[in-house]
Amino acid sequence: MSISVKNITKRFDRYPALNGVSLDIAEGELVALLGPSGSGKTTLLRVIAGLEFPDENDGRVLFHGSDVTSLSAYKRRAGFVFQHYALFGHLSVYENIAFSFRVLPKSKRPKESAIRERVTELLRAVQLEGFEKRLPSQLSGGQRQRVAFARALAIGPQVLLLDEPFGALDAKVRKELRRWLREFHDRTRLTTIFVTHDQEEAFEVADRAVLIDKGSIQQTGTPAEILAAPANAFVSDFLGLETPARH
C-alpha cells in the first residue's frame, strides 16, 4: 500500500505542528520519521493513521491513490503501535490480540474458531508461541511490544504505523527488537512507518529516513544519501556532521 500526504497543515491552538508537509511512501517501504522532540513527526504519523486530522485546507492523505483524509483509523485499516504498548493488564496475551476481533460489530465478528486460528498465526509471526496464557506483567518489555505488534496486525492492516516503538525499552532489548522488526518487514513487505528521535535506530532499520524539524521536512533519503550530503545546517547539526559548504 503506497501512501501520499499532500500539503498537510496541523495546528494545536496557536502551535504549528505541521506546515504544508508533503511526502510519498512507496508500497512495501520501511520509513523512519526522524527528528527532535516537538518536531511534528508523531503528529504526521497520527494524521496518516487517522487519529488526527489536518486543518481545513487542501491537504490530503492518500492510500494507494484513494483519498482517505476524512476516514477514521478503523476505515483506513491502519495498524498503530504505541510507545508504551497500551496492553490490557488483566487480559492474557491471547485475549489482548483477540480484542481487535471482539470489539467488531457482531455481524462482522469472525467465528471463535477463526479468531483462534488468526491469533495462533500472529503469535507465530511475532515469535511468541506458547505465551498465549501469560499476562503482560509476566512478559519482558520486548515481548510486550511484540504482543502490541500482533494486536495491530490482527485487523489485517494496509499499513503499519509505529510511534517510538523502542523508546520504553533498555538498550539491549531495543537492539534485539530493531533487528526483529527489520526481519519481520523483510518477510511481510508491509508498508511501515515508524517515529524515532534516535539516528542510529532510524539508519539501522529503515529503507529511507525523513528528517523533520519545526513542522517541516528538512531532508528525505536513504541513510547513505543523507550522511553523504546533508541538506542543511539543521540536518548536519542533528546528525553530528560537518555543516555543508555554502555556495
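Counting from 1, the numbers follow the sequence of the chain as shown.
- Between R134 and S92 the shortest side-chain heavy-atom distance does not fall below 4.5 Å.
- In this structure the side chain of I115 reaches within 4.5 angstrom of the side chain of Y94, judged on heavy atoms.
- Electrostatic pairing of R187 and E183 does not count as a salt bridge here, judged by no charged N lying under 4.0 Å from a carboxylate O.
- Classification of the W180-F149 ring pair by plane angle, with boundaries at 30° and 60°, yields perpendicular.
- Classification of R178 and E200 as a salt-bridged pair holds, one side-chain N sitting under 4.0 Å from a carboxylate O.
- Here the closest heavy-atom approach between residue L30 and residue V205 is recorded as CD2-O, 3.3 Å.
- Side-chain atoms of T42 and D163 form a donor-acceptor pair, as typed in the model, at a separation below 3.5 Å.
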Exercise for review: Step by step, work out the side chain to side chain contact (heavy atoms under 4.5 Å, CB included) result for E164 and H197.
Suggested key: CA-CA 8 Å; E164 298 268 12; H197 61 269; 3.2 Å; yes

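- Here NZ of K6 is found 10.5 Å from OG1 of T69. Values are rounded to the nearest 0.5 Å.
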Practice item. Could you go through the salt bridge (Lys or Arg N to Asp or Glu O under 4.0 Å) check for D207 and R182 one step at a time? Key: CA-CA 10 Å; D207 299 321; R182 183 69 243 187; 2.9 Å; yes

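- Distance CG/L162 to CD1/I193: 9.0 Å, rounded to 0.5 Å.
- In this structure, E121 pairs ionically with R118, as a charged nitrogen and a carboxylate oxygen lie closer than 4.0 Å.
- Nearest heavy-atom pair across A49 and A78 is O-CB, 3.9 Å.
- Counting heavy atoms from C-beta outward, T192 and L161 have side chains that stay 4.5 Å or more apart.
- Of the N and O atoms on the side chains of E201 and T196, at least one donor lies less than 3.5 Å from an acceptor on the other residue.
- Rounding to the nearest 0.5 Å gives a distance of 7.0 Å between OG1 of T120 and CD of E132.
- At a threshold of 4.5 Å between non-hydrogen side-chain atoms, the residues F194 and K41 do not count as touching.
- The closest side-chain heavy-atom distance from Q138 to P136 is not below 4.5 Å.
- Residues L71 and V5 fall within the same hydrophobic cluster, defined by Ile, Leu, Val, Met, Phe, Trp and Tyr side chains chained together at heavy-atom separations under 4.5 Å.
- Looking only at side-chain heavy atoms (C-beta outward), V47 and F53 stay at 4.5 Å or farther from each other.
- In the hydrophobic clustering of ILVMFWY residues, with side-chain heavy atoms under 4.5 Å counting as a link, V159 and I155 come out apart.
- Each of R151, R102, R116 was compared with E95 under the salt bridge (Lys or Arg N to Asp or Glu O under 4.0 Å) criterion, and only R102 meets it.
- Annotation for P36 and F234: closest pair CD-CZ, 3.8 Å, computed over non-hydrogen atoms.
- Residues S39 and D213 bring no donor and acceptor atom of their side chains to less than 3.5 Å of each other.
- Using a 4.5 Å cut-off on side-chain heavy atoms (C-beta onward), L23 and L33 make contact.
- Distance check, rounded to the nearest 0.5 Å: CD1 of I226 to CD of Q218 gives 11.5 Å.
- In E117, the CD atom is not crowded: 12 or fewer heavy atoms of neighbouring residues, nucleotides or ligands sit closer than 6.0 Å.
- Expressed to the nearest 0.5 Å, how far CZ of F131 lies from CG of L123 amounts to 10.0 Å.
- The line from NE2 of H64 to OG1 of T191 is 9.0 Å long, rounded to the nearest 0.5 Å.
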